[in-house]
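Basis for what follows: all heavy atoms, side chains included, without hydrogens, waters or symmetry-related copies.
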Amino acid sequence: MTAGGAPKAGRKEWIGLGVLALPTLLVALDVFVLLLALPHLSGDLGADSNQQLWIMDIYGFMVAGFLVTMGTLGDRIGRRKLLLIGSAAFGAASLMAAFATSPGMLITARVLLGIAGAALTPSTLALITTMFQDAKQRTVAISLWASCFTIGAIVGPLLGGVMLEYFWWGSLFLIGVPVMALTLIVGPRVLPEFKNPGAGRLDPASVLLSLGSTVPVIYGIKELAREGWAALPAAVLVAGLVVGVLFVQRQRRLSSPLLDVMLFTHGRFTAALLSLLAYSLIGGVVMLFMTQYFQAAQGMSPFEAGLGMLPGMAAATVAFAVCPIIARKIRPAYVIGAGIAGVTAVLLTFTQLDAESGTAVLIVGFAVFSFCGAPIVALGTNMVVGTVPAEKAGSAGALSQMSNEFGAAFGVATLGTLGLAVYRGDIADTVPAEVPEGAADAARDSVAGAAAAADSLPGPLADTLLEPVRVAFTSGLHTVAGVSAALIAVAGAFFVVLMRHVPPVGQEEAAAGGETTAEGGGVPEAEGVAEGEPAQKAGV
């Protein structure tokens with residue numbers, strides 16, 4: 001027991017955290033290895049460009065569409081049960097994907113993988129809140145859990161490259177089978193069960209409304225970002241927003257809602273969720289422009305560009321381990337605020353790059369960016385799930401992941417489109433006259449088109465084309481970095497002002513004798529019970 005009264009986690013719980021890390025790491029790996037496998041499987045299965053897009057995107061659509069449902073379902077039927085069901089389904093869908101014989105079969109497997117993946121993340125995060133009731137231990141556990149995403153980003157390209165060197169593309173999907181088998185074998189032995197016996201029945205209409213709002217919104221955002229303005233994705237986006245309004249209205253009327261919208265009335269929960277949203281909004285587009293800068297401005301291969309990102313991922317992994325310790329002495333708002341100041345400084349540095357700056361500044365800058373951004377993810381996620389009652393932790397975990405999905409999609413759609421507009425404006429009249437018209441048109445459309453066109457030209461002519469492309473793309477990078485710096489600085493100031501009263505991790509729990517409740521009133525105490533343990537109440 002701690003001084004405040006919350007029970008300390010023991011060896012069993014830490015082993016359980018390792019089990020929970022396995023599916024989390026696998027979900028992160030899935031995204032990165034597929035990027036490497038796509039050219040191979042497309043040629044083998046004969047997938048056209050539209051089918052390739054669906055193979056890539058449908059997984060994310062399904063994850064986003066089912067996160068809220070799965071988060072609440074785990075609170076109702078048991079988080080461990082849902083985790084094991086999701087693990088079994090993920091393993092089976094991985095087998096189906098590995099041995100797919102047509103694009104349609106692979107797309108179907110990706111749909112099933114997305115639904116299963118939606119069951120994994122909120123279940124793991126909610127189980128952490130059950131297993132680690134001591135605030136200090138919970139912060140460390142959540143930080144280690146969050147680091148699995150960056151570890152996946154580091155390991156994914158390297159592991160995928162090695163496997164593609166010696167095996168066929170389907171072997172990448174087989175990685176998930178032994179991982180999920182181990183989760184199914186060890187999980188029941190070390191993971192506690194937790195469910196809310198008073199949660200009520202699942203409302204099918206709410207499930208459909210949730211799916212009918214999130215999937216169209218993310219689809220519309222992605223398509224508008226990818227293709228520019230078009231009537232169909234815009235209409236789909238608007239329709240998703242309308243369905244979202246209907247979803248919220250229904251939740252407010254239900255006695256046992258799929259999503260308790262009253263959670264958003266609590267300052268700590270909402271501020272933490274918005275900080276995660278803001279960071280994911282700029283993080284995704286910064287990574288996109290970095291990889292394009294490496295390839296367009298510096299002539300690096302995709303694999304070399306991926307290696308250029310590794311120091312940043314490693315820095316984030318270190319920061320995830322350090323920030324929970326710092327947050328025990330310094331208020332979380334100030335730790336996060338200092339991180340946001342560092343992120344802002346890096347973005348402002350990026351506005352000073354030019355086409356001849358080389359890669360060192362960008363690689364080091366991204367490492368600092370990732371290190372400074374880690375407290376937002378680790379401590380922000382801890383606030384989201386730690387501020388709500390225990391029986392709402394599944395829903396809170398789902399919302400934290402939803403903020404990442406929406407933030408990344410919206411960031412690419414808005415900031416990415418802004419950067420592309422600046423690029424097109426600068427490149428429009430600067431392509432040399434000796435460049436063939438087809439290559440010039442491709443360069444005016446996008447930097448990717450310019451790179452592809454340059455590959456088909458003789459060396460000197462390719463350099464002639466790429467020189468103005470580098471300058472124009474760097475101008476777009478300047479704009480994106482500048483706007484991103486302003487956005488994250490405002491979000492950081494907002495968060496620090498609202499959350500500056502929150503004490504260092506563990507002090508609030510100790511002062512309240514381990515019986516803290518969600519801030520602001522109105523959120524009931526936990527009614528769910530973990531097997532063999534007393535009911536846990538919320539606390540950060």
For Leu22 and Leu182, run side-chain contact (heavy atoms from CB on, under 4.5 Å): C-alpha distance rounded to whole Å, both residues' side-chain angles, the deciding distance at 0.1 Å, then the answer.
CA-CA 9 Å; Leu22 291 176; Leu182 185 61; 3.6 Å; yes
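In this structure, Val286 and Leu347 have side chains that are in contact, with non-hydrogen atoms separated by less than 4.5 Å. Side-chain contact between Leu191 and Val186 is absent, with no heavy atoms from C-beta onward closer than 4.5 Å. The side-chain heavy atoms of Val243 and Pro216, taken from C-beta on, include no pair separated by under 4.5 Å.
Taking Ala98 as the reference, Phe173, Leu174 meet the side-chain contact (heavy atoms from CB on, under 4.5 Å) condition, with sequence neighbours excluded.
Aromatic rings of Phe132 and Trp145 (six-membered ring for Trp) have centroids beyond the 6.0 Å cut-off, not under it.
With values rounded to the nearest 0.5 angstrom, Met313 atom CE is found 13.0 Å from Ser147 atom OG. To the nearest 0.5 Å, the span separating CG on Leu211 from OG on Ser213 amounts to 8.0 Å. If you take CG on Leu84 and CG on Leu184, they are separated by 6.0 Å, rounding to the nearest 0.5 Å. In this structure, CD1 on Ile77 lies 8.0 Å from CD on Glu193, to the nearest 0.5 angstrom. Separating the CG atom in Leu246 from the CG atom in Leu209 is a distance of 6.5 Å, to the nearest 0.5 Å.
Side-chain atoms of Thr130 and Arg79 include a donor-acceptor pair closer than 3.5 Å.
Aromatic ring orientation, Phe90 versus Tyr59: perpendicular (interplanar angle above 60°, classes split at 30° and 60°).
Side-chain atoms of Thr69 never come within 3.5 Å of backbone atoms of Phe66 as a donor-acceptor pair (strictly under, hydrogens ignored).
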